[in-house]
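Below is one structure, written out as structure tokens, with a few remarks after it.
Side chains included, hydrogens not; waters and symmetry mates left out as well; all remaining heavy atoms used.
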Amino acid sequence: GAVVSQHPSRVICKSGTSVKIECRSLDFQATTMFWYRQFPKQSLMLMATSNEGSKATYEQGVEKDKFLINHASLTLSTLTVTSAHPEDSSFYICSASGGEWLSYEQYFGPGTRLTVT
Amino acid sequence: AQRVTQPEKLLSVFKGAPVELKCNYSYSGSPELFWYVQYSRQRLQLLLRHISRESIKGFTADLNKGETSFHLKKPFAQEEDSAMYYCALSDPRETSGSRLTFGEGTQLTVNP
């Protein structure tokens with residue numbers, strides 16, 4: 001149980017366009033979802049935390065207008081990279097927490113590889 | 001600010017040898033600490049958390065508050081233990097969303 005999916009697994013887009021990444025909890029309700037970014041051979045960096053039905057909380061240095069996060073339901077959160085540039089190319093990973101019922105453990109998605117050309 | 005440090009980016013041992021992956025943290029308070037593992041081509045998954053005080057796949061980790069460390073140990077490494085290991089910390093006072101701070105990871109290779 002506690003499976004998290006991400007779609008797409010990899011995407012290539014042109015500079016200046018926007019791209020949306022979906023994160024779904026398949027068999028549990030995620031009260032909180034997290035979005036991370038991972039550069040090659042580096043650690044995961046938390047970008048933002050989102051709770052269903054409320055605005056996301058962004059980490060310091062993360063542009064909220066560039067990385068739009070929507071957590072419209074208890075099983076879906078989306079990250080939209082707006083006006084993407086090559087420096088946004090990265091591996092984006094989401095995780096979902098089922099709250100107290102799942103001991104606040106975070107379950108991770110498989111990640112989305114974004115390449116901006 | 002909280003920080004997690006894993007001093008070794010790469011660690012290589014032979015099968016059957018003991019292995020220790022180091023993790024140090026800085027945090028003003030009593031953190032919750034975790035070890036996550038990522039096998040090749042798989043997603044990140046929780047290996048163990050210090051509050052559980054359990055052994056998973058032969059791995060154990062003890063929280064040493066005096067040394068602010070949470071090293072991961074296994075007495076006899078197996079080839080299937082080869083993976084990327086991340087130490088992570090969260091603030092237990094954050095009840096709704098336990099934001100994780102990750103270390104940079106240690107790539108463990110267990111040679112036959």
Side-chain angles (χ1 to χ4, degrees), chain A residues 1-6 9-10 23 25-26 30-62 69 71 77 91-113, chain B residues 1-11 21-27 31-54 56 83-109:
Chain A
V3 178
V4 176
S5 70
Q6 277 183 247
S9 57
R10 51 177 74 228
C23 176
S25 57
L26 299 184
T31 52
T32 308
M33 287 186 167
F34 304 84
W35 287 96
Y36 297 86
R37 184 172 179 177
Q38 186 176 33
F39 291 101
K41 300 188 188 298
Q42 294 189 29
S43 186
L44 285 78
M45 182 192 77
L46 180 65
M47 298 174 67
T49 303
S50 75
N51 292 295
E52 183 265 340
S54 60
K55 288 185 179 180
T57 302
Y58 290 80
E59 295 298 304
Q60 192 172 8
V62 179
I69 292 172
H71 191 163
S77 176
F91 195 56
Y92 292 89
I93 303 171
C94 75
S95 71
S97 171
E100 183 179 3
W101 301 110
L102 292 175
S103 302
Y104 297 106
E105 182 173 334
Q106 288 188 36
Y107 296 90
F108 286 81
T112 296
R113 172 78 58 197
Chain B
Q2 53 202 38
R3 181 190 288 182
V4 177
T5 304
Q6 292 178 249
E8 303 143 327
K9 285 201 167 184
L10 302 171
L11 184 61
L21 291 85
K22 290 184 168 52
C23 172
N24 289 90
Y25 66 90
S26 62
Y27 178 78
E32 190 162 341
L33 286 151
F34 308 80
W35 276 99
Y36 282 84
V37 60
Q38 187 169 28
Y39 300 102
S40 180
R41 301 181 190 279
Q42 294 187 29
R43 68 188 67 196
L44 202 63
Q45 57 185 285
L46 179 65
L47 180 62
L48 53 81
R49 57 200 304 177
H50 89 274
I51 59 171
S52 301
R53 303 184 67 84
E54 56 189 347
I56 304 294
M84 189 72 166
Y85 291 81
Y86 293 97
C87 183
L89 173 157
S90 75
D91 184 343
R93 294 168 295 185
E94 294 182 8
T95 55
S96 62
S98 300
R99 294 159 62 244
L100 290 169
T101 299
F102 283 90
E104 293 190 356
T106 298
Q107 179 68 51
L108 173 66
T109 302

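For the atom pair CD of A:E105 and CZ of B:R49, the computed distance is 6.0 Å after rounding to the nearest 0.5 Å. Atom-to-atom distance recorded for B:L100:CG and A:S97:OG is 9.5 Å, nearest 0.5 angstrom. B:T101 OG1 to A:L46 CG: the interatomic distance, rounded to the nearest 0.5 Å, is 7.5 Å. Going from atom CD of A:Q38 over to atom CZ of B:F102 covers 9.0 Å, rounded to the nearest 0.5 Å. Between atom NZ of residue B:K9 and atom CD of residue A:Q42 there is a gap of 7.0 Å, rounded to the nearest 0.5 Å.
No more than 12 heavy-atom neighbours from other residues, nucleotides or ligands sit within 6.0 angstrom of CD on B:E104.
In this structure a side-chain-to-backbone donor-acceptor pair under 3.5 Å is present from B:R43 to A:V4.
For A:F108, the ring pair (Phe, Tyr, Trp, His ring centres under 6.0 Å) criterion is met by A:Y36, B:Y36, not counting sequence neighbours.
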